[in-house]
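Below is one structure, written out as structure tokens; the observations come after it.
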Amino acid sequence: METKFTNKEVTTLLRNVSAAHQVKGANPFQIRAYDVAADAVEHASSDVRALWESEDLDKIPGVGSHIANYLDEYFTSGKVKHFETVFKNIPNSMFEFLKIPGVGPKTAYKLAKAGVKNIADLEEKIKSKTLLKKGFTEKPLENILQGIEEFKRKSDRILLPVAGEVAKQVLEHLRKHKAVLATDPLGSLRRRVATVGDVDLSVASNDPKEVIEHFKKFPGTERIIESGEHTATISVRNGIHVDLMVQPPEHYGSLLHHFTGSKNHNIHMRSLAREKGYSISEYGIKEIKTDKVRPCPKEDDVYSLLGMQTPPPELREDAGEIEAALENKLPQLVELKDIKGDLHTHSFWSDGQNSIAEMAKAATSLGREYIALTDHSYPTLRFYQRLKEIEQFNYSQDSIRVITGLEVNINSDYTLQVPDEILAKHDIIFVSIHTSFRQPKEEMTNRILKALENPHVDVFAHPTGRLLLEREGIEADWETIFKRIAHLGKFLEIDGYPNRLDLPDNLVREAKRFGVKFTIDTDAHQIQHLSLMEYGVSVARRGWATKKDIINTLPYRELKSILDLKN
DNA sequence: GCCGTTTTCGGCCCGACTGTTTTCAGTCG
């Protein structure tokens, strides 16, 4: 079988090894080592196969000499002898069952051993009660059936604004109850991850029982997944899970910290606490010697007890933020209020829905000092007439400056969509990939490099071309591209449109290391989209970007000089 | 199996909920 050796495949391989070890009752720490390695590969910002080629596998934290050797064998021959030994006597179907929420290795193994072939077969065998005779009991089987429904229905993750909307509705419901003293969205939503799995919410209250009961009565509840003294999970539309945790106000800071995560951030924090003689949980910080618990009403209390700064939630991925916080060296991240203008927008001159004047006025009301209209450079566009309209609009008012721009396709044959003399008439040129997304890596890289060499080009827009939940991004040699962009003094875009969020946060951080500067834009196609700027800012923050890394935080006068604008 | 101001051994984050069980295993985050 042809295999592509993607990060996803390696992740699955490592998770399967972990699961097999669990079934065979291996050392729990060995099991965790494989899980940690799988997590690391899954979240790696570079292609694992490329790291292998440059002999950098052991630079992935959590991948040590053993796993690196196994992966070397895997990339060389397509299989790993040791893993095959581990998988011995384990039916293959077990690994399919792991995809069902609520089914872990032990249950999956038991099902496979009972002769269940696949998920469809499992569904049939539960419904026909065949499995009841094979050592399974009724309630767990019912839960597995629910899990199968969820597996079939649920797209893995949802876009950040969709999660935000669900959270908003549930928070409004929660706030109606007088026992709710405070309530916040946490988890990946608070960390502003591009896509969110479950919606996590917290409540401070002295009456958790009442709050949990009230939560379960949220009008959109489709199913109650679980319900305990301090926590509950409901399922709402589209199978989206909403998790609630309740703590009294004196522990609320600990709860915020615990439930914001990420998992790896928490694990690192707890190891750190342990070294200093403390144990962290959602109830506070316990001094191990004395068993004395120090409550943390505010989140800052958790961090200050360990002698560190509070990292902004966007940074809590255990990617160096804890070390930085300990040294008091956290970056001052860019904020929405720093943004002075929007440089990537569309009007109905191309595929937008509003006029240039409407877009400009809407931008003015959001407090923008300038806006670039960067319509697609369709060859049929009446470029000069459009330029004239912009010029006239600028003369007609002085509340906002409209910058003339174009978004120009980089063709698959490395040429640009329109000739240089048209580009020259515009103040800002964005280039982007809109066709042939699957060119081989080297061709794609050269295609981009060639476009960047054009002296009229200023910004490389939504660089990876990914569409979240729909389409993977292009494959390119990002390090080479980042170096070139920095050298040319050009810019990368962070596109804030919710299903793009492109450049992705991990690549923002990498590009920044090479000295690249960015624009954060909305890519608005109608006036309502102009307020999507906050999502682009979130991506920049997750990429450790500060105000000075972002050129559209500059007032128009300064932007004009670095972009060499005409007026 | 990983890792190192406890560095090549000896540790490794912490707790909730479910089901079924009088003390725990499995799963999840």
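Heavy atoms only: backbone and side chains are in, while hydrogens, waters and symmetry mates are out. The chains referred to below are lettered A, B, ... by the order of the sequence lines, with proteins before strands, and numbering in each begins at 1.
- In this structure, a donor-acceptor pair under 3.5 Å is present between the side chains of A/S227 and A/K216.
- Listed nucleotides B/dG1, B/dG26, B/dT18 differ in distance to A/T107; the shortest reach to its side chain belongs to B/dG26.
- The nucleotide B/dG10 finds its pairing partner in B/dC3, both defining distances of the Watson-Crick or G-U wobble pair being shorter than 3.5 Å.
- Nearest nucleotide to the A/P140 side chain, out of B/dG29, B/dA16, B/dT20: B/dT20.
- Each of A/T137 and A/A33 has a nearest nucleotide on DNA chain B; the 5'-most of these lies closest to A/A33.
- Computed from coordinates, the A/D58 CG to B/dG1 C1' distance equals 14 Å when rounded to whole Å.
- Of the residues near DNA chain B, A/N27 and A/S281, the one whose nearest nucleotide (by heavy atom distance) lies more toward the 5' end is A/N27.
- Counting any heavy atom pair closer than 4.0 Å across all strands shown, A/V36 reaches no nucleic acid atom.
- Between B/dG29, B/dG1, B/dT6, one nucleotide has an atom nearer to the side chain of A/D198 than all others, and that is B/dG29.
- Of the P atoms belonging to B/dC12 and B/dT18, the separation is 29 Å, rounded to the nearest Å.
- Using a 4.0 Å heavy-atom criterion, one finds that A/Y109 contacts no nucleic acid atom at all.
- For the side-chain hydrogen bond (donor to acceptor under 3.5 Å, both in side chains) condition, the pairs that include at least one residue of residues 99-122 of chain A, sequence neighbours left out, are A/D121-A/K125.
- Here the side chain of A/R316 pairs no donor or acceptor atom with the backbone of A/H265 at under 3.5 angstrom.
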Please step through ring-ring contact (aromatic ring centres under 6.0 Å, His included) for the pair A/Y74 and A/F5, ending with a clear verdict.
CA-CA 9 Å; A/Y74 176 64; A/F5 300 113; 5.1 Å; yes
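- Between A/T231 and B/dA16 there is no side-chain N or O to OP1 or OP2 distance below 4.0 Å.
- Distance CG (A/N266) to P (B/dC28): 18 Å, rounded to an integer number of Å.
- Taking the six-membered ring where the residue is Trp, A/Y34 and A/H21 present tilted rings, their angle falling between 30° and 60°.
- Put simply, CG on A/N143 is 9 Å from C1' on B/dG19, counting in whole angstrom units.
- On the P atoms, B/dT8 is 16 Å away from B/dC3, given to the nearest whole Å.
- Among residue pairs with one or both ends in residues 163-190 of chain A, those qualifying as ring pair (Phe, Tyr, Trp, His ring centres under 6.0 Å) are A/H173-A/H214, A/H173-A/F218, A/H177-A/H214; sequence neighbours excluded.
- With both ends at atom P, the span from B/dG15 to B/dG10 equals 26 Å, rounded to whole Å.
- Counting only N and O atoms by type, the side chains of A/Y252 and A/D184 include a donor and acceptor under 3.5 Å apart.
- Set against B/dC2, B/dA16, B/dG26, the side chain of A/H66 has B/dC2 as its closest nucleotide.
- The A/R274 side chain lies nearest to B/dC12 when the options are B/dT27, B/dA16, B/dC12.
- Residue contacts for A/H230: at a heavy-atom cut-off of 4.0 Å it reaches the sugar-phosphate backbone alone, with no base atom in range.
- Residue A/P28 is classed as having no contact, given no heavy-atom separation below 4.0 Å to the nucleic acid.
- Among the atoms of the strands shown, base atoms are found under 4.0 Å from some heavy atom of A/I267.
- Regarding A/I225, its CD1 atom lies at a distance of 17 Å from the P atom of B/dT27, rounded to whole Å.
- Taking 3.5 Å as the limit, the base of B/dG29 and the side chain of A/D243 contain no donor-acceptor pair of atoms between them.
- Rounded to whole Å, the distance from CG on A/L189 to P on B/dG29 is 16 Å.
- Between the CG atom of A/L272 and the P atom of B/dC12 there is a distance of 14 Å, rounded to whole Å.
- Taking atom P in both B/dG26 and B/dT21, the straight-line distance is 14 Å, to the nearest Å.
- Rounding to whole angstrom units, CD1 of residue A/I67 and C1' of B/dC3 are separated by 13 Å.
- Between the CZ atom of A/F151 and the P atom of B/dC28 there is a distance of 14 Å, rounded to whole Å.
- The side chain of A/K106 has B/dT27 as its nearest neighbour among B/dC17, B/dT27, B/dA16.
- Proximity note for A/E282 (side chain, C-beta onward) versus B/dT18, B/dG29, B/dG15: the nearest is B/dG15.
- Residue A/I280 is classed as a sugar-phosphate contact, given heavy-atom separations below 4.0 Å to backbone atoms only.
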